[in-house]
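Residue numbers begin at 1 in each chain, while the letters A, B, ... track the order of the sequences.
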Amino acid sequence: MELSDLRIFQAVARSQSFSKAAENLGYVQPNVTLRIKKLENELKIPLFRRTNRGVETLPSALTLLTYADRILSLMDEAEEKLTSQALLSIGATPILSAQLFPKFTQGVHLHFPLVKIELKTDKKSQLYLDLKQNLLDGIFVNERTIPDGCISIFSYTEKLFLVSARSVPDSGDEGIAVVNKNPQCPYRNTLLRYLDNKMNTVDIIEYDTLEPIIRSVESTNAVTVLPQSLVTSKMSKVSLPKEMNSIIIHFVVKQGSAKNKTVRKIIETLSE
DNA sequence: CTATTGCCCTCTTATAGCCA
DNA sequence: TGGCTATAAGAGGGCAATAG
């Protein structure tokens with residue numbers, strides 16, 4: 001006897017009909033008929049009396065139903081408990097992490113207060129590798145097309161701005177641009193494209209992390225490109241040309257597999 | 001270790017039969 | 001005739017055994 005047998009049995013006992021039980025469970029009627037027949041053979045006792053208006057529960061079915069209700073409700077309870085204590089492993093590039101992680105954590109905790117979230121920051125190529133090896137449950141990436149074997153379960157557009165210090169006067173074409181070292185960083189690439197279009201001569205300083213980029217912009221005449229959410233009160237922002245003023249961020253998971261049922265449930269909730 | 005094969009199980013569609 | 005269950009046949013996926 002398996003749990004799915006009990007679920008089918010419970011549905012038949014409740015609805016007093018193979019057809020209605022099938023409809024409720026998303027099966028077709030012959031399948032329910034066969035599964036009940038198999039269960040009766042296995043238990044060596046008839047559970048239902050068939051009529052041409054449905055089925056009637058026999059005393060044996062009423063006995064089994066009390067156990068089925070208890071077993072299935074315990075299963076549901078266990079699943080609920082485990083869901084609330086899951087560990088979600090998320091990956092993102094350093095800059096995307098700083099920008100998205102607080103918001104993402106808040107969103108998850110709204111639905112699953114006990115879920116633990118761990119964040120890995122790395123290069124995009126390494127994040128995809130980890131995702132494929134099931135070391136991560138999902139990754140935040142800036143992408144035009146999602147690679148085979150992965151799916152984007154939600155995405156949003158982030159507005160980008162050219163930012164500089166509010167208190168430092170504009171020094172004209174001569175200046176410093178601060179960017180992330182990672183050649184895959186979307187903000188770095190947008191800034192370089194912008195400067196290239198403008199044919200500006202600037203010194204480019206590269207940093208590993210977001211913090212020194214922000215500090216440089218706030219306190220020197222350096223410029224950079226940042227998303228709206230990272231622009232601070234010490235910065236002034238300028239709109240970028242239409243073709244480069246936004247990027248799309250996807251939350252990508254490996255197709256057809258989440259580490260377990262629990263993580264899958266969280267991901268399904270997030271994608272709604 | 002990997003690919004192939006065969007078996008079993010669960011599911012479906014199509015259809016037969018029963019009876020109020 | 002409509003609403004129901006029963007049966008047959010076949011598709012598809014999982015899994016263990018086997019061959020290379």
Side-chain angles (χ1 to χ4, degrees), chain A residues 1-89 91 115 122 125-139 145-154 250-272:
Chain A
M1 198 189 324
E2 291 179 22
L3 280 170
S4 62
D5 295 329
L6 286 182
R7 294 226 186 259
I8 292 173
F9 163 77
Q10 190 187 49
V12 173
R14 292 250 166 83
S15 62
Q16 302 278 293
S17 158
F18 288 174
S19 304
K20 287 195 178 68
E23 197 184 325
N24 292 340
L25 295 169
Y27 293 139
V28 292
Q29 167 266 319
N31 186 37
V32 171
T33 303
L34 282 172
R35 293 291 295 270
I36 294 295
K37 195 175 171 184
K38 190 181 145 241
L39 186 61
E40 288 175 325
N41 288 340
E42 199 180 318
L43 296 172
K44 296 183 176 66
I45 188 165
L47 296 165
F48 299 101
R49 195 161 67 82
R50 278 76 166 164
T51 73
N52 60 352
R53 295 279 106 190
V55 296
E56 289 165 9
T57 43
L58 296 172
S60 54
L62 293 176
T63 305
L64 182 60
L65 185 60
T66 61
Y67 287 98
D69 285 345
R70 280 157 66 188
I71 292 165
L72 294 172
S73 116
L74 269 174
M75 275 299 297
D76 292 343
E77 192 184 317
E79 206 176 314
E80 191 69 36
K81 189 84 181 171
L82 288 171
T83 301
S84 68
Q85 293 175 348
L87 172 69
L88 199 58
S89 303
V115 165
D122 215 320
S125 51
Q126 183 60 46
L127 294 175
Y128 271 115
L129 214 60
D130 288 349
L131 187 67
K132 281 182 181 156
Q133 291 173 352
N134 291 320
L135 298 172
L136 292 172
D137 300 309
I139 59 175
T145 51
I146 307 300
D148 286 347
C150 298
I151 46 165
S152 164
I153 61 168
F154 63 81
H250 292 277
F251 183 65
V252 174
V253 298
K254 188 177 163 186
Q255 199 155 29
S257 94
K259 224 188 324 188
N260 56 38
K261 217 173 168 180
T262 305
V263 171
R264 204 177 311 143
K265 195 166 173 184
I266 294 169
I267 288 170
E268 275 166 11
T269 306
L270 291 176
S271 62
E272 278 163 10

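- The interatomic distance linking A/N31 (CG) with C/dG12 (P) rounds to 16 Å, in whole Å.
- Across all strands, A/S4 comes closer than 4.0 Å to no nucleic acid atom at all (heavy-atom distances).
- Atom-to-atom, CD of A/Q16 to P of C/dT5 comes out at 11 Å; the value is rounded to the nearest Å.
- Each of A/G54 and A/K37 lies near DNA chain C, and the nucleotide nearest A/G54 is the one positioned closer to the 5' end.
- Counting to the nearest Å, the C1' atom of B/dG17 and the CZ atom of A/R50 are 16 Å from each other.
- Across the protein-nucleic acid pair, A/L3 atom CG and B/dT10 atom P stand 13 Å apart, rounded to whole Å.
- Residue A/S19 places at least one side-chain N or O closer than 4.0 Å to OP1 or OP2 of C/dT5.
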Step by step, would you call A/F48 with A/F9 a ring pair (Phe, Tyr, Trp, His ring centres under 6.0 Å)? CA-CA 10 Å; A/F48 299 101; A/F9 163 77; 5.7 Å; yes
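- Counting to the nearest Å, the C1' atom of B/dC8 and the CD atom of A/E2 are 12 Å from each other.
- Side-chain N/O atoms of A/R50 and A/T33 include no donor and acceptor closer than 3.5 Å.
- In this structure, of B/dT12, C/dC4, C/dA6, it is C/dA6 that holds the atom nearest to the side chain of A/Q29.
- Atom pair A/F48:CZ and C/dT5:P shows a separation of 11 Å (rounding to whole Å applied).
- Atom-to-atom, CG of A/L34 to P of B/dT13 comes out at 14 Å; the value is rounded to the nearest Å.
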Could you walk me through whether A/L3 and A/I71 pass side chain to side chain contact (heavy atoms under 4.5 Å, CB included), step by step? CA-CA 9 Å; A/L3 280 170; A/I71 292 165; 3.8 Å; yes
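- Note that CG of A/L131 and OG of A/S89 are 11.0 Å apart. Values are rounded to the nearest 0.5 Å.
- Not counting sequence neighbours, the partners of A/E56 by the side-chain hydrogen bond (donor to acceptor under 3.5 Å, both in side chains) test are A/R49.
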N/O contacts under 3.5 Å, protein versus nucleotides 1-3 of chain C?
residue: C/dG2; atom: N2; partner: A/R53; partner atom: NH2; Å: 3.1

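- Of the two residues near DNA chain B, A/I8 and A/P30, the one whose nearest nucleotide lies more 5' is A/I8.
- With A/E42 contributing its side chain and A/M1 its backbone, the two residues share a donor-acceptor pair below 3.5 Å.
- Taking only side-chain atoms of A/K38, from C-beta outward, the nucleotide of B/dT10, B/dT12, C/dT7 with the closest atom is B/dT10.
- When distances run from any side-chain atom of A/F18 to the nucleotides C/dT5, C/dA8, B/dT10, the shortest one goes to C/dT5.
- The distance between atom CD1 of A/I36 and atom C1' of C/dT7, rounded to the nearest whole Å, is 17 Å.
- For the pair A/D5 (side chain) and A/E2 (backbone), a donor-acceptor distance under 3.5 Å is present.
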